[in-house]
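Both ligands and their constituent atoms are indexed starting at 1 by order of listing.
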Amino acid sequence: MPCLRSRASQIFTLFFALTLLHPLCRLSSQTPKADDLLRKMTLEEKVAQLSQLPGFPIPEFREQAGNPEDVLRKYGAGSVLWVTDPKERNRLQHIAVDESRLHIPILFGLDVIHGYRTIFPSPIAMASSWDPKLVEGAQTIAARESRAAGIAWTFGPMVDIARDARWGRMEEGAGEDPYLGAAIARAQVRGFQGDLGPDRVLACANHFAGYGAADGGRDYDSSYIPEELMWNVYLAPFKAAADAGVATFMSAYMDLNDVPATGNRWLNHDVLREAWNFKGFVVSDANAVHSLIIHGYARDGQDAAQKAFTAGINMDMASGTYLKYLADEVKQSRVSMREIDDAVRPILEAKIRLGLFEHPFTDLSRMDSVLNSPEHMQASRTAAQRSMVLLRNEQNLLPLDKTGQKIKSIAVIGPMADVQNDLLGLWGAMTNPAQTVNVLQGIKNTVGNAVSVEFAHGPNLRRDIPSFFENVPMLTVKEQPKQTSEEAQRAFDEAVALAKRSDVAVLVMGEIALMSGEAASRSSLRLSSGQEELLEAVVATGKPVVLVLVNGRPVDISWASEHVPAILEAWYPGSQGGNAVADVLFGDANPAGHLPVSWPRNSGQLPLYYNHNRTQAPEDAPNFTSRYWDLSSKPLYPFGYGLSYTTFSFENLKLSRQEAKVGASLEVSVEITNTGSRAGDAVVQLYTHQRAGSASRPVRELKGFQRVSLAAGAKQAIHFTLGKDELQFWSPTKKQWVVEPEQFDVWVGEDSTAKLHAEFRLTP
Ligand code: BGC
């Protein structure tokens with residue numbers, strides 16, 4: 001009997017063990033708790049959770065940490081970066097879940113910045129909509145598609161304030177303003193994360209912080225930002241993202257005030273964890289832990305691992321430095337096991353919250369129906385319509401007639417008219433290029449047979465200096481082929497001849513994707529590669545010309561702003577960009593985008609921003625003004641600017657009271673009327689100015705905005721509240737946040753030069 005009993009118990013034990021080992025059974029078992037896992041984990045397994053493995057070959061990583069797949073099999077991994085094929089993601093996930101000792105699933109991370117398969121307009125375009133609901137909706141769709149394809153973590157939103165259009169990454173953010181930037185950051189976090197259900201992803205606020213202030217607008221260069229500017233401007237959208245519950249942060253590449261952001265404890269600990277009480281985790285930017293050595297901040301890899309980790313970086317993105325050195329730091333007692341546990345815990349908790357332990361794999365049978373949703377494409381088209389900015393429209397040249405009655409022929413000219421991937425900007429990797437509707441197609445779709453449409457490409461766009469991104473296979477963005485001088489001349493002549501024989505010329509110009517984005521700074525903002533010359537020649541034909549800009553940053557259109565009657569900024573408008581451009585050109589959509597940046601006349605004005613302090617001799621003073629003697633210091637188009645096919649008037653600006661105690665709120669109301677003959681949206685903007693105090697304050701600061709739709713002739717009252725959040729600032733003399741008893745100005749209108757004015761006083 002005893003013998004039999006022990007035999008039965010052996011069989012039971014074996015069966016039980018096999019049951020636990022079988023992946024399906026394991027999935028139905030209870031979700032683990034982070035602390036239970038931590039108790040079981042070896043130091044090496046913990047360090048693996050603090051590491052993001054590259055999903056593509058990086059020789060330097062192999063040298064440091066070995067073959068990523070071996071690491072995964074042996075120890076698991078916190079995350080894997082940039083695996084673009086869902087089947088490959090499932091394969092790697094099987095290694096983690098079936099073969100690694102503790103079966104902890106991988107969190108796959110990817111730059112889903114403005115869409116996964118359905119690409120929305122680039123972030124600067126989305127910010128130009130001044131429509132946080134729209135932005136939230138777009139990122140909800142991006143999250144749904146990502147998750148359906150097995151991506152549970154996106155490296156967005158990018159919330160870097162950018163005041164310098166030379167910096168290529170201006171394209172990826174919401175522009176220059178902390179208030180608008182904060183609103184757009186919150187909306188993106190809500191859209192990506194929601195309740196972190198099965199259709200949502202972890203968001204990642206990046207790049208923390210001050211990356212947009214790179215010296216000279218050169219990507220990766222040092223930023224020098226005084227503390228008051230950090231708090232009042234550069235940190236504001238990050239704080240908004242943290243308050244909205246963003247799960248993760250990414251540290252920036254550059255030196256901030258001589259301490260690299262990835263080794264900067266003030267940023268990643270004092271501000272983020274202590275002042276803001278952030279409970280998620282921080283990932284470094286790619287290779288940035290190792291780069292502490294290149295910066296001249298860390299002596300070697302060991303020092304880099306130690307400095308990044310103690311600065312508050314939980315996860316090393318793809319450099320392998322933590323994998324190689326961090327365990328040793330613990331063995332040498334320079335880092336404690338408790339600190340390691342504290343860094344790993346939020347990573348495990350994020351995986352638990354996402355439900356990855358229950359559902360680690362992608363259901364490939366369901367994926368395509370989610371990725372190819374017509375509703376998503378329609379949402380992208382609406383987003384593009386709502387984000388384009390009409391910069392000029394002399395004598396109401398736009399909207400154009402599409403019936404064939406007034407216009408019989410349209411010349412579509414320019415190197416950005418027939419592009420596919422270049423209509424998306426840099427982060428459109430997961431799209432299906434065939435689904436992108438370019439501007440030429442969009443115009444043809446809209447006018448059908450009613451109007452004849454002919455096309456001339458004109459010059460090819462090139463940057464003529466290699467770009468790393470050209471070699472990233474999944475990005476599929478390339479330069480346009482080099483033209484000989486004869487080919488260039490022929491293309492030029494053909495374009496001008498086409499304009500001459502057409503009733504209207506629509507020129508589509510700007511920047512191919514490689515000309516903006518990461519590592520794509522420019523010293524000049526000119527329409528390059530002969531575009532400006534072609535534009536001037538087409539205008540010289542005397543035909544009405546519409547300039548459509550497809551680009552990632554403001555470009556130099558000083559000449560065009562005086563000679564081209566209609567200019568539409570489309571930015572990189574996304575998968576449905578061509579249709580949406582046509583919707584606007586032909587009046588099926590009324591443009592209402594407004595600039596999230598001050599538009600420079602040329603790069604000599606940079607950095608340029610509306611919320612600057614007043615100098616002792618402002619530009620409009622009689623003498624000794626602060627302007628350049630050869631150029632105005634005012635922008636070509638101010639922050640907040642944008643035209644519509646209708647007009648609006650503002651009146652009856654009222655404050656609920658003229659005086660309020662510090663800490664109390666005031667109500668501001670204004671009436672807006674659509675004074676034109678068609679329905680349209682206005683972006684009502686409220687600016688304030690504090691006249692004196694413990695520090696000089698900007699001439700104006702955006703402190704409220706609303707995008708409102710009004711039928712022709714309709715009138716609406718708009719209300720804003722000015723409370724502590726709007727009136728406080730971080731004072732460099734008091735070294736804290738203050739609301740001061742002073743006199744304030746208020747303006748309301750359609751851009752940052754709004755004239756309608758009121759004032760109030762805060763009393764002690
Ligand atoms: C960029 C990040 C991005 C990362 C991973 C870096 O070069 O700065 O924005 O998330 O690559 O793709």
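- The protein atom (non-hydrogen) at minimum distance from atom 11 (O) of ligand 1 is Asp285 OD1, 3.6 Å.
- Looking at ligand 1, you'll find an N or O of Trp82 within less than 3.5 Å of one of its N or O atoms.
- In this structure, a donor-acceptor pair under 3.5 Å is absent between the side chains of Ser319 and Gln64.
- Atom numbering of ligand 1 starts at 1 in the shown order; those under 4.0 Å from a heavy atom of Phe155 are 10 (O).
- In this structure, the ring of Trp427 has its center no less than 6.0 angstrom from the ring center of Phe155.
- Counting heavy atoms under 4.0 Å from ligand 1, residue Arg169 touches it through the side chain alone.
- No donor-acceptor pair closer than 3.5 Å links the side chain of Gln435 to the backbone N or O of Thr118.
- When only non-hydrogen protein atoms are considered, atom 7 (O) of ligand 1 lies nearest to Tyr253 OH, 2.7 Å.
- At under 3.5 Å, a nitrogen or oxygen of Glu518, whether backbone or side chain, sits near a nitrogen or oxygen of ligand 1.
- Using a 4.0 Å cut-off between heavy atoms, Met158 makes no contact with ligand 1 at all.
- Defined by atom type and a distance below 3.5 Å, a donor-acceptor pair is present between the side-chain atoms of Trp571 and Ser128.
- Using a 4.0 Å cut-off between charged side-chain N and carboxylate O, Glu511 and Arg522 make a salt bridge.
- In Glu172, neither the side chain nor the backbone holds a heavy atom less than 4.0 Å from any atom of ligand 1.
- Atom 9 (O) of ligand 1 has as its closest protein heavy atom His207 NE2, 2.7 Å.
- Counted by atom type alone, Tyr211 and Asp219 present one or more donor-acceptor pairs between their side chains at under 3.5 Å.
- Between Trp276 and Phe249, the ring planes are tilted. Angles from 30° to 60° get that label.
- Ranking protein heavy atoms by distance to atom 3 (C) of ligand 1, first place goes to Asp111 OD1, 3.1 Å.
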